Amino acid sequence: AKERGKARYEVFVQEMHATVEQRWQIETALRQSLEAQQLAIAYQPVTQLSSGDMIGFEALCRWHHPQLGPVSPEIFIPIAEETGLIVALERWLLHQACAQMQHWQQQFPALPLAFMSVNISPVHVMHPTFVADIHQVLQATHLAPAALKLEVTESLMMHNPGVARERLQQVRAFGVQLSLDDFGTGYSSLSYLHQFPFNTLKIDQSFVHQLRATPHDTGIVRAIIAMAHSLNIQTIAEGIETADEAALLAQLGSHYGQGYYFARPGSADDMTRRLTAAAQR
Ligand code: C2E
Ligand code: CA
Ligand code: CA
Ligand code: CA
């Protein structure tokens, strides 16, 4: 058993070495890109299912490195979290996204543009500057606090629920909205909804994909939506790819939907074109 343990340890060290090297490369490149303002934001519309109106956006970080090419956020966000770069990255992204939303609300006063959603890592929430960062971005961009929605995942509440609750309550007190992202993929989701001040719950794509496979088996999604309603929490169904899915989610009572069926994530200019078209209708 001792020998096996040792062998496993050596394999682990080798793997870790390779990973550390790659990670270090990516970390260095990411730091440079952040400083050189080479990161970008893709915006994806959120649609009110009852009316078809574009009601908000989710801001998604994009990184196209000159040598590495486009790097998925599934790769660089975890590295940014491990190295602490995520705080500077999200501070930058919050400023861009909030300024953009404030601009769109001014430019399109007749459209029902309610919120800009920004993903916030648990590492950032736990960072000492988190509450000040949120306060500062609202001051600097003059965005109405209620028009900023912060998306957090269940993993935030798992490690230090006391501090998490305190921080979330502090930003809620500014008037900022909170969304529980990827709902249903983690654990004890129900208690989080009771204990934390969420306004919105995002039904994870996996449930929408499940509806795709078995459209008659609507039980879980129906239950999530009913539970959210009873707690006065609105729902956004993610990953909607077809008209049938949009109609089914609307029928099940989800307020909002998001997915390729409505729009793929795109540049600010793409969204301005969509908003211009919507304003002319
Ligand atoms: P997420 O927050 O769950 O974001 C939704 C993801 O689903 C996005 O992937 C989006 O492009 C994709 N998506 C949207 N509609 C559809 C659809 O109809 N079908 C399918 N198959 N996918 C769809 P993306 O942009 O690659 O982002 C992946 C993840 O990276 C995000 O998942 C989020 O967890 C993370 N992320 C992105 N930007 C940030 C950020 O600024 N901060 C943090 N902490 N995380 C971020
Ligand atoms: Ca999200
Ligand atoms: Ca999600
Ligand atoms: Ca996700």
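Residue indices begin at 1 and follow the sequence shown. As the structure is a prediction and not an experimental result, all values here were calculated from the model. Whatever order the structure lists them in is the order used to number ligands and atoms, beginning at 1.
Annotation for ligand 1: atoms under 4.0 Å from non-hydrogen atoms of Pro265 are 11 (O). Here is the list of ligand 1 atoms found below 4.0 Å of a heavy atom in Asp182: 3 (O). Atoms of ligand 1 lying under 4.0 Å from any heavy atom of Glu58, numbered from 1 in the order shown and given with element: 2 (O), 4 (O). Those atoms of ligand 1 with a heavy atom of Asp181 less than 4.0 angstrom away are 2 (O). The Leu93 neighbourhood of ligand 1 comprises atoms 41 (O), with distances under 4.0 Å to a heavy atom of that residue. If you number the atoms of ligand 1 from 1 as listed, the ones under 4.0 Å from a heavy atom of Glu241 come out as 17 (C), 18 (O), 19 (N), 20 (C), 21 (N).
Among heteroatoms of the N, O or S kind in Asp181, OD1 lies nearest the Ca ion (ligand 3). For Asp182, the N, O or S atom with the smallest separation from the Ca ion (ligand 3) is OD1. Among heteroatoms of the N, O or S kind in Glu58, OE2 lies nearest the Ca ion (ligand 2). Glu238 contributes OE2 as its N, O or S atom closest to the Ca ion (ligand 3).
Ligand 1 has a nitrogen or oxygen under 3.5 angstrom from a nitrogen or oxygen of Cys61. Between His209 and ligand 1, not a single N/O pair is under 3.5 Å apart. The shortest N/O to N/O separation between Glu90 and ligand 1 falls below 3.5 Å. When only interatomic distances are considered, the shortest N/O to N/O separation between Glu81 and ligand 1 does not fall below 3.5 Å. For ligand 1, the polar-atom distance check finds no N/O of Glu74 at less than 3.5 Å from any of the ligand's N/O atoms.
Nearest residue to atom 15 (N) of ligand 1 from Arg62, Gln44, Gln258 is Gln44 (criterion: closest heavy atom). When the options Ala97, Pro73, Pro78 are ranked by their closest heavy atom to atom 30 (O) of ligand 1, first place goes to Pro73. Closest heavy-atom approach to atom 39 (C) of ligand 1 within the set Thr185, Val152, Ile77: this belongs to Ile77.
Across His255, Lys149, Gln177, a single residue satisfies side-chain hydrogen bond (donor to acceptor under 3.5 Å, both in side chains) together with Thr200, and that is Lys149. If you run side-chain hydrogen bond (donor to acceptor under 3.5 Å, both in side chains) between Thr129 and each of His124, His135, Arg91, only Arg91 comes through.
Under 4.0 angstrom from ligand 1, there are no non-hydrogen atoms of Val118. Contacts with ligand 1 closer than 4.0 Å are made by heavy atoms of both the backbone and the side chain of Ser121. Contacts between Glu238 and ligand 1 below 4.0 angstrom, taking non-hydrogen atoms only, involve the side chain exclusively. With a 4.0 Å cut-off on non-hydrogen atoms, Asn119 touches ligand 1 through its backbone as well as its side chain. Of all the heavy atoms of Arg264, none lies under 4.0 Å from any atom of ligand 1, so neither backbone nor side chain is involved. Contacts between Thr153 and ligand 1 below 4.0 angstrom, taking non-hydrogen atoms only, are absent altogether.
Not a single N, O or S atom of Asp204, from either the backbone or the side chain, sits less than 3.0 Å from the Ca ion (ligand 3).
In this structure, Arg167 forms no cation-pi arrangement with Phe130, as its terminal cationic atom is not both closer than 6.0 Å to the ring centre and no more than 45° off the ring axis. Phe183 does not carry Lys202 over the face of its six-membered ring by the limits of under 6.0 Å from the centre and within 45° of the normal.
Residue contacts with ligand 1 leave out His124, since none of its heavy atoms falls under 4.0 Å from the ligand. Every heavy atom of Ser72 sits 4.0 Å or more from the atoms of ligand 1.
No side-chain donor-acceptor contact under 3.5 Å links Arg212 to the backbone of Glu245. At distances below 3.5 Å, at least one donor-acceptor pair connects side-chain atoms of Ser254 with backbone N or O atoms of Tyr256. When atom types are taken as modelled, the side chain of Gln102 and the backbone of Cys98 share no donor-acceptor pair closer than 3.5 angstrom. In terms of modelled atom types and a separation under 3.5 Å, the side chain of Ser51 and the main chain of Asp53 share a donor-acceptor contact. Judged by distance alone, with hydrogens and angles left aside, the side-chain atoms of Asn119 form no donor-acceptor pair with the main-chain N or O of Glu151 at under 3.5 Å.
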side-chain contact (heavy atoms from CB on, under 4.5 Å) evaluation trace for Leu148 with Leu150:
CA-CA 7 Å; Leu148 174 60; Leu150 303 179; 4.0 Å; yes
Check against side-chain contact (heavy atoms from CB on, under 4.5 Å), Arg273 and Asp269
CA-CA 6 Å; Arg273 276 189 286 275; Asp269 286 349; 4.2 Å; yes
Worked check of side-chain contact (heavy atoms from CB on, under 4.5 Å) between Phe262 and Met54
CA-CA 9 Å; Phe262 298 109; Met54 242 185 296; over 6 Å; no
Full working for side-chain contact (heavy atoms from CB on, under 4.5 Å) between Leu113 and Met101:
CA-CA 9 Å; Leu113 282 182; Met101 187 60 174; 4.0 Å; yes
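Taking the side chain as every heavy atom from C-beta outward, Leu85 and Glu27 approach each other to under 4.5 Å.
Considering the Ca ion (ligand 2) as centre, the angle to OD1 of Asn119 and to OE1 of Glu151 is 90° (10° rounding).
Ion pairing of Glu35 with Arg31 is absent here, as no side-chain N (NZ or NE/NH1/NH2) approaches a carboxylate O to less than 4.0 Å.
For CG of Leu231, the number of neighbouring non-hydrogen atoms (other residues, nucleotides, ligands) closer than 6.0 Å is greater than 12.
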